[in-house]
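Bear in mind the structure is a predicted one, so any value in this text is a computation, not a measurement.
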Amino acid sequence: MRDSEIHILWITAGLGCDGDTIAITAATQPSIEDLLLGAIPGVPKVHLHNPVLAYENADDFLKDWYRAVEGQLGPFILVVEGSIPNEKIKQEGYWAAFGTDKTTGQPITTCEWIDRLAPKAWAVVTAGTCSAYGGIHAMSGNPTGCMGLPDYLGWSWRSTAGLPIVCVPGCPVQPDNFMETLLYLLNQFAGHAPMIPLDDLLRPTWLFGQTVHEGCDRAGYYEQADFTTEFGSPKCIVKLGCWGPVVQCNVGKRGWMAGIGGCPNVGGVCIGCTMPGFPDKFMPFLDEPPGAKLSTTAVVLYGRTIRALRQFTQSSLNREPDWRHPRPELTTGYTPPGGSA
């Protein structure tokens, strides 16, 4: 019989802003409350250890982390938030740490926690682009040499259950994307789901298999070559710097909170925050993407033609048929029994 309880050890001490933790408090599919209160049937009881959301602090909070390192805590999922610094490139001090080593009295670095916990974890999950691929803190010129967790542990790394690292990118992570992924893993842990399907970049395939453009409210305007050059317009915003046609993200379809929002849906350009190349390959933000210049030029003739044809058809469909009138004769062409049209 499967274990009826599982722990989630959530590191927020990477190079980050705690934004991913804050984001998941907005989730509804499922909500963090439903998961922790046992409102979802079929999944084990969940114990969350997140320093931002915990009541405990200091050693009261860390006691279960120490137990996990010693192998005394039950099965657990390790969640990492924030970029992983390279502790090998500095001469003194440390880049990131939390807690104190009982033996040395020195801070325990984030990398040490990962080194100690990852080999014992049932699964390892990244929350947000920073921990998945490095994100903002890993951009060119940063002094920390930081990286994503797959770069740190290795892209072929496997957990005690044989799972690859599961990456759920986003800056911050879309709340329901993360919680849905976590729920899938809990169902897999309980024996109710097969191995989680991931793409080559370790993202859940059902969440990141399509581009922003494919689910965007504005995609029809692109097809018709109806582009805006001003903010506040409902038309396609690719000329304002939107990378939606090539960025793998479902926020256009899913929205941000309770199905509402999502960058292009509310007029914000997509800057590629779910992608491994973010942010360097998408900068400078708000400049028209190089590929968009060619693609928008190529679609102009086709789009204008299609738009004109649709307007012609629309004009016809906006007129009622001629037989709808108050005159005393029937002019539909229908011949009633014993009568004449």
**OP:** Give the intermediate values and the outcome of side-chain contact (heavy atoms from CB on, under 4.5 Å) for residues Glu180 and Leu207.
**Re:** CA-CA 9 Å; Glu180 187 175 305; Leu207 297 176; 3.7 Å; yes
**OP:** Mind running side-chain contact (heavy atoms from CB on, under 4.5 Å) on Thr25 and Leu53 for me, showing each step along the way?
**Re:** CA-CA 9 Å; Thr25 64; Leu53 303 179; 4.1 Å; yes
Original post:
Where do Val125 and Leu78 land on the side-chain contact (heavy atoms from CB on, under 4.5 Å) test, with the steps shown first?
Top reply: CA-CA 6 Å; Val125 185; Leu78 178 64; over 6 Å; no
Subject >> Audit row: Asp226, Lys239, salt bridge (Lys or Arg N to Asp or Glu O under 4.0 Å) steps and yes/no >> reply: CA-CA 10 Å; Asp226 208 353; Lys239 287 186 174 294; over 6 Å; no
Original post:
side-chain contact (heavy atoms from CB on, under 4.5 Å) between Cys111 and Ile84: does it pass, once the steps are laid out?
Top reply: CA-CA 7 Å; Cys111 292; Ile84 317 304; 3.8 Å; yes
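Proximity of a side-chain donor or acceptor of Ser83 to a complementary backbone N or O of Gly134 within less than 3.5 Å is detected. Using a distance-only test at 3.5 Å, with no hydrogens or angles considered, no donor-acceptor pair links the side chain of Thr205 to the main chain of Asp199. Side-chain atoms of Ser131 come within 3.5 Å of backbone N or O of Ala127 as a donor-acceptor pair. At least one donor-acceptor pair closer than 3.5 Å links the side chain of Gln174 to the backbone N or O of Trp256. Under a 3.5 Å cut-off, the side chain of Lys90 and the backbone N or O of Glu87 do form a donor-acceptor pair. In this structure, Gln210 contributes its side chain and Asn250 its backbone to no donor-acceptor pair below 3.5 Å. Panel note: side chain Thr211, backbone Glu214; a donor-acceptor pair is recorded below 3.5 Å. The closest donor-acceptor contact from the side chain of Thr129 to the backbone of Cys273 lies under 3.5 Å. A donor-acceptor contact shorter than 3.5 Å is absent between the side chain of Arg254 and the backbone of Gly252. For the pair Ser159 (side chain) and Trp122 (backbone), a donor-acceptor distance under 3.5 Å is present.
Taking each heavy atom of Trp243 and Gly241 in turn, the nearest pair found is CD1-O, 3.3 Å. Nearest heavy-atom pair, Pro289 versus Cys242, reported as atom, atom and distance to 0.1 Å: CG-O, 3.5 Å. Nearest heavy atom pair, residue Cys167 against residue Pro150, reads SG-CG, 3.7 Å. Closest approach of Val266 to Gly261, counting heavy atoms only: CG1-CA, 3.8 Å. For the pair Tyr133 and Pro169, the tightest heavy-atom approach, listed with the atom from each and the gap, is CE1-CB, 3.9 Å. Pairing each heavy atom of Pro75 with each of Ile6, the nearest pair is O-CG1, 3.3 Å.
Side-chain contact between Leu186 and Ile77 is present, with heavy atoms from C-beta onward closer than 4.5 Å. Side-chain contact between Ile108 and Trp65 is absent, with no heavy-atom pair separated by less than 4.5 Å. Residues Met275 and Gln248 form a side-chain contact, since some pair of their non-hydrogen atoms from C-beta on lies under 4.5 Å apart. Between Pro204 and Tyr184, every side-chain heavy-atom pair lies at or beyond the 4.5 Å cut-off. The shortest side-chain heavy-atom distance between Pro276 and Leu201 falls under the 4.5 Å cut-off. Side-chain contact check for Asp20 versus Val79: every heavy-atom pair is 4.5 Å or farther apart. Side-chain contact between Leu163 and Met195 is present, with at least one heavy-atom pair separated by less than 4.5 Å. Side-chain contact between Leu286 and Val269 is present, with heavy atoms from C-beta onward closer than 4.5 Å.
In this structure, a donor-acceptor pair under 3.5 Å is absent between the side chains of Glu230 and Ser233. Using modelled atom types and a 3.5 Å distance limit, the side chains of Gln224 and Arg304 yield no donor-acceptor pair. Of the N and O atoms on the side chains of His137 and Thr144, not one donor lies less than 3.5 Å from an acceptor on the other residue.
Sparse packing is recorded around CG of Asp322, with 12 or fewer heavy atoms of other residues, nucleotides or ligands lying under 6.0 Å away. At most 12 heavy atoms of other shown residues, nucleotides or ligands fall within 6.0 angstrom of atom CH2 in Trp323. By the neighbour-count criterion of 12 heavy atoms within 6.0 Å, atom CG of Asn318 is densely surrounded, having more than that number from other residues, nucleotides or ligands.
The CE atom of Met139 sits 10.5 Å away from the SG atom of Cys146 when rounded to the nearest 0.5 Å. Atoms CG and SG, on Leu15 and Cys130 in that order, are 8.0 Å from each other to the nearest 0.5 Å. A distance of 6.0 Å separates CD1 of Ile8 from CG of Leu35, quoted to the nearest 0.5 Å. To the nearest 0.5 angstrom, Asp217 atom CG is 4.0 Å from Asn265 atom CG. Rounded to the nearest 0.5 angstrom, Lys235 NZ and Leu240 CG are separated by 12.5 Å. Summarising the geometry, atom CG belonging to Leu202 is positioned 6.5 Å from atom CD1 belonging to Ile165; distances are rounded to the nearest 0.5 Å.
With respect to the salt-bridge test (charged N to carboxylate O, under 4.0 angstrom), the residues Asp115 and Lys120 do not qualify. Using a 4.0 Å cut-off between charged nitrogen and carboxylate oxygen, Arg310 and Glu223 count as a salt-bridge pair.
Under the 4.5 Å side-chain heavy-atom criterion for ILVMFWY residues, no single connected hydrophobic cluster contains both Phe278 and Met147. A continuous path of hydrophobic side-chain contacts links Ile271 to Phe231 [ILVMFWY only; heavy atoms under 4.5 Å]. Hydrophobic clustering places Ile40 together with Ile24 (ILVMFWY residues linked when any side-chain heavy atoms are closer than 4.5 Å, directly or through intermediates). Trp206 and Val212 fall into different hydrophobic clusters, defined by Ile, Leu, Val, Met, Phe, Trp and Tyr side-chain heavy atoms under 4.5 Å apart, directly or through other members. Hydrophobic clustering, with ILVMFWY side chains joined whenever heavy atoms are under 4.5 angstrom apart, groups Leu36 together with Ile22.
Taking the six-membered ring for Trp and thresholds of 30 and 60 degrees, His49 and His7 have nearly parallel ring planes, at less than 30 degrees apart.
With sequence neighbours left out, Gln72 forms a side-chain contact (heavy atoms from CB on, under 4.5 Å) with Arg67, Glu70. With sequence neighbours left out, Ile89 forms a side-chain contact (heavy atoms from CB on, under 4.5 Å) with Asn86, Trp95.
Residues Trp113 and Phe98 place their aromatic rings such that the two centres sit under 6.0 Å apart. Residues Phe178 and Trp10 place their aromatic rings such that the two centres sit under 6.0 Å apart. In this structure, the ring of Tyr222 has its center less than 6.0 angstrom from the ring center of Phe227.
Applying the ring pair (Phe, Tyr, Trp, His ring centres under 6.0 Å) rule to pairs touching residues 20-43 yields nothing, sequence neighbours excluded.
Lys102 forms a cation-pi arrangement with Tyr66, by the criterion of a distance under 6.0 Å to the ring centre and an angle within 45° of the ring axis.
Each of Thr12, Thr21, Asn50 was checked for a side chain to side chain donor-acceptor pair (under 3.5 Å) with Glu81, and the lone residue meeting it is Thr21.
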